[in-house]
Peer 1: 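Below: one structure in structure tokens.
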Amino acid sequence: MTLPFTASLFDALDDDLGAGPAGSTQLRPIGPAVQHLELEDGAWLDLVPGWATGSDALFERLVTEVPWQADRRTMYDRVVEVPRLVSSYGAGDSLPDPVLATARDELNAWYSGERGAPDEQLFRRAGLCFYRTGDDSIAWHGDRVGSALGRDTMVGILSLGAPRTLAVRSRRTARIRRFPLGHGDLLVMGGSCQRTHEHAIAKTKKAAGPRISVQFRPVWPD
Ligand SMILES: O=C(O)CCC(=O)C(=O)O
């Protein structure tokens, strides 16, 4: 797959941040860098800007090696085409790159240790989404488990490639908060977020290069 993506376009930005050797992804310790934000009604977000550094090569491997497929999902009782590509990995599946397994393990170590997250909320599945241009997007939604099963759950998102804005909207107050996610940024949605809030990546007319979102989720019963 050929993309308008220049290697080292983003990693050059890491230089000032003391990143590791060129070409190897490093994950910063979450604790000293995490910004915690309480939203309405028991929802919260954690943000770690620049969590993964040196990720250009990882991005390129994912673009070319992941078996991307068209995305469809049920929204408002209809199955609709979602303009982006996806790939899913269940519990026990190997992830498409060892860096992603390390990322999942580091997230689980932090959230089970420092934050005392129960085992059932730890990350065991992963979904990858590929936004090819600013025309690719996902409409407002809460993740099915949180919305349909009425459970608190965590969803961890590692954003790679071109920056895109993830918007989070309270279902009760309609307040919208916008989080620009850049190359290597981590955002974790937790508490009631999937039930009491919705999130979306809107289309953008600003030139947007390709972006991959890696989402880590727990496993819940259907
Ligand atoms: O692209 C993102 O970071 C968010 C994706 C998302 O909300 C979803 O696939 O459910």
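Every number for a ligand or one of its atoms is a count from 1 in the order of the listing. Side chains included, hydrogens not; waters and symmetry mates left out as well; all remaining heavy atoms used.
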Peer 1: Listing request: all salt bridge (Lys or Arg N to Asp or Glu O under 4.0 Å) pairs with a residue in residues 83-104, at least two apart in sequence or in separate chains.
Peer 2: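 Qualifying pairs: Arg61-Asp97, Asp71-Arg84.
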Peer 1: Are Trp44 and Phe216 connected in a single hydrophobic cluster, I mean Ile/Leu/Val/Met/Phe/Trp/Tyr linked by side-chain heavy atoms less than 4.5 Å apart?
Peer 2: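 They do share one cluster, since a chain of ILVMFWY contacts under 4.5 Å joins Phe216 to Trp44.
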Peer 1: Run the salt-bridge test on Asp119 and Arg124 with the 4.0 Å N-O cut-off and return the result as yes or no.
Peer 2: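 Judged by the 4.0 Å cut-off on N to carboxylate O distance, Asp119 and Arg124 do form a salt bridge.
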Peer 1: How would you list, by chain and number, every residue that makes a side-chain contact (heavy atoms from CB on, under 4.5 Å) with Pro98, sequence neighbours excluded?
Peer 2: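 Expected list: none.
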Peer 1: Show every salt bridge (Lys or Arg N to Asp or Glu O under 4.0 Å) that has at least one partner inside residues 108-118, sequence neighbours left out.
Peer 2: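 Sorted result for residues 108-118: Asp46-Arg115.
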Peer 1: Who's touching ligand 1 if we go heavy atoms under 4.0 Å?
Peer 2: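 Contacts of ligand 1 under 4.0 Å: Arg73, Arg84, Cys129, Tyr131, His141, Asp143, Ile157, Leu166, His199, Ile201, Arg211, Ser213, Gln215, Arg217.
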Peer 1: Do Pro210 and Val63 touch side chain to side chain, with heavy atoms closer than 4.5 Å?
Peer 2: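 A side-chain contact is absent here, since even the closest heavy-atom pair is not under 4.5 Å.
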